[in-house]
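Encoded as structure tokens, the structure appears first; notes follow it.
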Number of protein chains: 2
Amino acid sequence: MTNPSNVVSFASQHGVDCRSCHLSSLCLPRGLPLEDIAELNGIAQPLAPVRKREALFLQGMPFTSLFAVRSGSLKQVTTTETDEYLVTTFFLPGELAGLDAIAEGSYPGSAVALETTTVCELPFEQLDALCMRVPELRQRVYRNLSQDVHNERLMLRLLLRRTADVRLACFFVAMSARFRRRGYSPYRFQLAMSRGDIGNYLGLTMETVSRTLARYQQQRLLDIRGRDFHILDLEALTRFAEESGRRGVNG
Amino acid sequence: MTNPSNVVSFASQHGVDCRSCHLSSLCLPRGLPLEDIAELNGIAQPLAPVRKREALFLQGMPFTSLFAVRSGSLKQVTTTETDEYLVTTFFLPGELAGLDAIAEGSYPGSAVALETTTVCELPFEQLDALCMRVPELRQRVYRNLSQDVHNERLMLRLLLRRTADVRLACFFVAMSARFRRRGYSPYRFQLAMSRGDIGNYLGLTMETVSRTLARYQQQRLLDIRGRDFHILDLEALTRFAEESGRRGVNG
DNA sequence: CGGTGCATTGACAAGGGTCAAATGTTGTGG
DNA sequence: CCACAACATTTGACCCTTGTCAATGCACCG
């Protein structure tokens with residue numbers, strides 16, 4: 001129904017200008033020696049903007065590059081053999097898309113822009129070559145990868161036994177942390193994804209998401225205007241996400 | 001409550017005899033040249049049996065080795081920061097435990113024997129050294145790893161939106177496949193884990209597992225005697241696991 | 001202005017969690 | 001080998017959470 005897109009803009013089809021792409025906001029180079037960062041920047045190719053509903057890469061495409069999000073946002077969606085449409089990740093500015101393709105050799109889902117989005121391409125061969133010379137970077141890439149994977153696995157297992165309330169609280173706490181880490185306000189942000197996307201990501205229906213948000217609004221935890229979110233009580237939200245709402249199984 | 005164990009038998013505390021451990025049933029060496037398999041066998045150290053409720057390795061221990069299960073079975077359990085007890089994996093004979101520690105550098109959960117269990121230790125340094133010389137093996141290890149991770153992520157996302165019926169059907173279909181792949185009967189097997197463990201693994205309560213199994217019994221899909229499972233209609237079970245029982249979100 | 005898609009809200013039913021009790025099953029000490 | 005304790009499983013009753021269906025309100029767009 002919400003087909004990823006017929007109109008696809010592959011990375012390779014984008015105009016690439018030769019100036020380097022500024023990566024300083026990306027978590028990857030944090031704390032690396034300056035000259036290494038410079039080299040990293042030299043590899044990064046800015047791409048023309050990906051527009052809403054267009055795909056940055058498609059599920060099944062051979063893995064060639066990572067992509068650093070500079071502005072905008074994307075969702076990663078996987079279609080299963082049984083034709084289910086699963087939102088598996090969101091990518092925010094400063095984050096790295098494509099990490100989970102390294103292992104597979106091909107992208108395990110399509111990255112669809114939720115709004116007009118600009119990215120830098122990091123051709124993996126070059127990154128890999130650079131990694132050879134900069135062991136810290138290599139470590140960082142793999143740690144980044146394994147950390148992501150580990151976090152997600154654990155989060156999924158936790159989600160599996162939480163109520164809708166708690167799932168959403170977790171979602172907002174996590175989002176808040178992601179914005180904070182990148183230097184944006186952890187209390188006020190816009191999310192370009194629909195209620196349906198959020199629900200799909202958390203294993204809930206759109207309606208449940210909507211109702212739960214309304215409740216949060218009443219309880220003065222969040223102030224929500226469409227896709228504008230204002231966290232009023234992060235502390236309480238965090239407590240709620242961590243402490244309560246376990247279901248099934250003796251603690 | 002079911003504490004992993006106070007009495008722990010670390011790999012290093014086990015008596016190790018010097019004869020090599022027969023790995024032919026393991027999936028890892030499938031299709032490798034014979035001389036490589038021989039080398040692999042040379043690395044593998046048989047350990048003294050791990051008894052029920054004892055741990056093969058503990059969550060947080062630095063990663064040193066993979067373990068090939070020869071007989072018996074284990075569950076991997078992770079304790080979260082919020083003190084939740086999550087069953088994340090089961091290891092059956094012929095399978096490899098510890099893969100998910102490679103990335104982390106330490107074991108992300110404890111491997112607790114569900115019954116008396118024998119394993120071979122594969123010290124990773126040696127395995128890694130061997131990998132240097134045998135690129136196919138290296139590929140195989142990493143593919144094995146990434147495949148596991150990928151499968152599990154997808155499975156978790158799917159579980160997130162399935163009914164209890166379907167989760168259990170998936171579980172048995174998967175178990176059946178695992179037994180088949182290792183050369184055991186895919187229709188009749190014993191599972192040493194409790195209903196509680198299965199429930200925890202699938203994000204369900206013990207009671208729901210029990211009731212659902214009773215229903216399957218009535219429907220002549222399975223014949224169950226305690227922890228003895230006999231799949232009567234694998235075909236139907238598979239259809240059930242794949243086709244039906246989606247919840248939430250428009251297909 | 002009449003679509004098309006997103007969001008909210010209500011009514012309703014069912015799936016499955018919780019609590020509790022009954023019934024096996026396993027393990028241990030005598 | 002028995003008796004008893006500890007644990008695992010099954011089953012029942014109840015009701016909360018959340019999915020389903022449906023109607024309505026909003027926005028954006030041609």
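Residue numbers begin at 1 in each chain, while the letters A, B, ... track the order of the sequences.
Proximity note for Lys52(B) (side chain, C-beta onward) versus dA7(C), dT18(D), dG27(C): the nearest is dG27(C). Among dT18(D), dT9(D), dA20(C), the nucleotide with an atom closest to any side-chain atom of Glu207(B) is dA20(C). Comparing dA8(D), dG15(C), dT10(D) against the side chain of Thr163(B) picks out dG15(C) as the nearest. In this structure, of dT9(C), dT18(D), dT11(D), it is dT9(C) that holds the atom nearest to the side chain of Arg211(A).
Put simply, Thr208(A) has a side-chain N or O that comes within less than 4.0 Å of OP1 or OP2 on dG19(D). Neither OP1 nor OP2 of dT18(D) sits under 4.0 Å from any side-chain N or O of Thr205(A). Within the structure, a side-chain polar atom (N or O) of Arg195(B) is placed less than 4.0 Å from OP1 or OP2 of dT10(D). Distances shown here put a side-chain N or O of Arg227(B) below 4.0 Å from the OP1 or OP2 atom of dT9(D). Applying the 4.0 Å criterion to OP1 and OP2 of dT9(D), one finds that Ser210(B) has every side-chain N and O outside that range.
In this structure, Arg161(A) places its CZ atom 18 Å from P of dT17(D), rounding to the nearest Å. Taking atom CE of residue Met206(A) and atom P of nucleotide dT8(C), one finds them 9 Å apart after rounding to whole Å. Leu204(B) places its CG atom 15 Å from the C1' atom of dT17(D), with the value rounded to the nearest Å. Ile224(B) places its CD1 atom 16 Å from the C1' atom of dG24(C), with the value rounded to the nearest Å. Between Gln217(B) atom CD and dT10(D) atom P the separation is 9 Å, expressed in whole Å. What separates CZ of Arg225(B) from P of dT25(C) is a distance of 11 Å, to the nearest Å. Rounded to a whole Å, the CG atom of Asp197(A) is 11 Å from the C1' atom of dC6(C). Regarding Leu159(A), its CG atom lies at a distance of 15 Å from the C1' atom of dT18(D), rounded to whole Å.
Taking the six-membered ring where the residue is Trp, Phe67(A) and Tyr107(A) present tilted rings, their angle falling between 30° and 60°. Below 30°, between 30° and 60°, or above 60°: for Phe189(B) and Phe172(B) the angle between ring planes is below 30°, a parallel geometry.
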Residue pair Glu152(B), Arg157(A): steps toward the salt bridge (charged side-chain N to carboxylate O under 4.0 Å, His left out) verdict: CA-CA 10 Å; Glu152(B) 202 196 324; Arg157(A) 290 230 161 256; 3.6 Å; yes
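In this structure, Asp228(B) and His230(B) have side chains that are not in contact, with every pair of non-hydrogen atoms separated by 4.5 Å or more.
A salt bridge links Arg225(B) with Asp223(B); the closest basic N to acidic carboxylate O contact falls under 4.0 Å.
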